[in-house]
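Everything below concerns the one structure shown next.
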Amino acid sequence: MNTDELWVFGYGSLLWAPGFDWCEKVLATLNDHSRLFCMRSIHYRGTKDNPGLVLALVAQSGGRCQGLAYRVEPIKRKEALSYLRKRELISSAYLERQVSIKLVDGRRRMATTFVMDRSHDQYCGNLPMATQAQIISTAVGEKGPNAEYLQRTVERLATLGIEDGRLERLNRLVADRCKR
């Protein structure tokens with residue numbers, strides 16, 4: 001394995017809007033982590049006055065998160081990492097981590113990803129689903145409505161064949177609230 005090789009693990013908006021150049025994209029699984037709506041968004045999908053909610057990876061024994069792994073050519077490594085750090089570390093709520101992922105074809109790789117810092121004031125784990133739906137259905141940030149973020153993520157997961165019943169239920173609740 002090339003030590004200059006960079007793999008990036010995406011589980012939320014990176015699934016449908018990676019924003020960096022990649023040369024290979026593969027379904028992948030990250031164990032002992034879960035994809036949860038547990039981060040208050042004060043920039044992209046909400047504001048300080050009306051925070052939204054975005055997905056974060058949370059280290060969780062027995063958890064399993066399926067997503068996409070993107071391989072970046074060595075010549076593009078610095079550019080990709082710079083972009084990702086600017087995007088993902090905007091408020092320091094995420095911690096950049098190297099994690100072991102399993103690609104759908106059986107290969108194992110180390111990947112860069114961003115994991116929720118549970119000590120950060122934007123962390124809001126264990127919100128009831130109804131509360132999550134209320135927040136997501138009303139929040140809007142510089143990248144648009146929070147509901148759009150959820151909907152695009154759920155649609156992308158479906159096209160990839162990744163089932164996430166919790167997000168699908170949340171999406172239905174948010175869609176119902178937005179129709180009212």
Side-chain angles (χ1 to χ4, degrees), residues 6-20 22 28-70 72 77-101 110-154 156-157 162 164 166-167 170-171 173-174:
L6 171 66
W7 285 88
V8 176
F9 181 73
Y11 55 88
S13 63
L14 288 177
L15 296 173
W16 44 268
F20 58 92
W22 49 270
T29 301
L30 172 61
N31 289 322
D32 293 324
H33 289 77
S34 295
R35 171 188 15 245
L36 302 170
F37 268 100
C38 65
M39 184 174 125
R40 289 181 188 89
S41 178
I42 58 174
H43 298 287
Y44 297 142
R45 297 297 174 160
T47 63
K48 287 184 181 180
D49 293 333
N50 188 28
L53 281 177
V54 290
L55 291 165
L57 273 178
V58 177
Q60 196 172 56
S61 181
R64 183 173 179 262
C65 181
Q66 292 180 288
L68 285 175
Y70 299 93
V72 177
R77 177 188 179 97
K78 186 176 179 180
E79 180 183 332
L81 284 173
S82 176
Y83 167 79
L84 286 164
R85 288 171 179 152
K86 182 178 178 185
R87 172 181 167 165
E88 301 296 326
L89 302 177
I90 188 169
S91 64
S92 305
Y94 286 129
L95 303 170
E96 182 177 333
R97 293 288 185 251
Q98 291 295 308
V99 293
S100 176
I101 59 172
M110 293 303 292
T112 297
T113 198
F114 298 88
V115 177
M116 185 73 217
D117 178 356
R118 290 187 195 196
S119 68
H120 197 277
D121 61 359
Q122 284 176 254
Y123 175 68
C124 56
N126 300 318
L127 291 177
M129 191 171 287
T131 303
Q132 293 177 42
Q134 189 280 322
I135 292 168
I136 292 168
S137 66
T138 61
V140 178
E142 65 185 64
K143 297 229 178 200
N146 202 172
E148 174 192 54
Y149 169 91
L150 169 59
Q151 180 182 7
R152 291 186 76 178
T153 302
V154 168
R156 184 66 174 135
L157 289 170
I162 298 172
D164 191 322
R166 183 176 43 228
L167 290 189
L170 182 58
N171 193 44
L173 284 173
V174 169

Closest approach of Tyr11 and Arg35, non-hydrogen atoms and distance?
O-NH1, 2.8 Å
Please confirm whether the backbone N or O of Gly63 pairs with a side-chain atom of Ser34, one donor and one acceptor, at under 3.5 Å?
no
Show, in sequence, the C-alpha distance, side-chain angles and deciding distance for Thr112 and Gln98, and conclude whether the side chain to side chain contact (heavy atoms under 4.5 Å, CB included) test is met.
CA-CA 5 Å; Thr112 297; Gln98 291 295 308; 2.5 Å; yes
At what distance, to the nearest 0.5 angstrom, does CD1 of Ile136 lie from OG1 of Thr131?
10.5 Å
Side-chain donor/acceptor of Arg40 to backbone N/O of Asp121, under 3.5 Å
yes
Worked check of side chain to side chain contact (heavy atoms under 4.5 Å, CB included) between Leu55 and Leu167:
CA-CA 10 Å; Leu55 291 165; Leu167 290 189; 4.0 Å; yes
Side chains of Ser13 and Lys143: closer than 4.5 Å at any heavy-atom pair?
no
Do Leu57 and Phe9 have side chains that approach each other closer than 4.5 Å (heavy atoms only, starting at C-beta)?
yes
Minimal non-hydrogen separation, Ala139 against Pro51, with atom names
CB-O, 3.9 Å
Counting distance only, does the side-chain N/O of Tyr44 pair as donor-acceptor with the main-chain N or O of Val54 below 3.5 Å?
no
Glu96 side chain vs Arg85 backbone, donor-acceptor pair below 3.5 Å:
no
Quick one: does Met110's side chain get under 4.5 Å of Ser100's, heavy atoms only?
yes
Given 3.5 Å as the limit, does a donor-acceptor pair link the side chain of Arg166 with the main chain of Met129, or not?
no
With rounding to the nearest 0.5 Å, note down the distance linking CG in Leu81 to NZ in Lys86.
15.0 Å
Looking at Arg45 and Glu148, would you say the former's side chain and the latter's main chain have a donor-acceptor pair under 3.5 Å?
no
List the atom of Val58, the atom of Cys38, and the distance in Å for their closest heavy-atom pair.
CG2-SG, 3.5 Å
Backbone N/O of Trp16 and side chain of Arg156: donor-acceptor pair under 3.5 Å
no
CD-CG distance between Gln122 and Asp117, expressed to the nearest 0.5 angstrom
10.0 Å
For Gly12, does its backbone N or O pair with a side-chain atom of Tyr149 as donor and acceptor, under 3.5 Å?
no
So CD1 of Ile162 and CD of Gln66: to nearest 0.5 Å the spacing works out to 5.0 Å
Can you give me the closest heavy-atom contact between Thr138 and Gln134, atom names plus distance?
OG1-O, 3.2 Å
What's the spacing between Leu170 CG and Leu36 CG if we round to 0.5 Å?
11.0 Å
Note, Phe114 side chain near Leu89 side chain (heavy atom, < 4.5 Å)
yes
Can a donor-acceptor pair be found, under 3.5 Å and without considering hydrogens, that links the side chain of His120 to the backbone of Ser91?
yes
Asn146 (side chain) donor-acceptor with Leu53 (main chain) under 3.5 angstrom:
yes
To the nearest 0.5 Å, what is the distance between NE2 on His33 and OG on Ser61?
11.0 Å
So, for Ala28 and Ile101, which heavy atoms are closest and what is the spacing to 0.1 Å?
CB-CD1, 4.1 Å
Within the structure provided, determine whether Phe20 and Leu14 are in side-chain contact (heavy-atom separation under 4.5 Å).
yes
To check you understand the geometry: which heavy-atom pair defines the closest contact between Asn50 and Thr47, and what is its length?
N-OG1, 2.9 Å
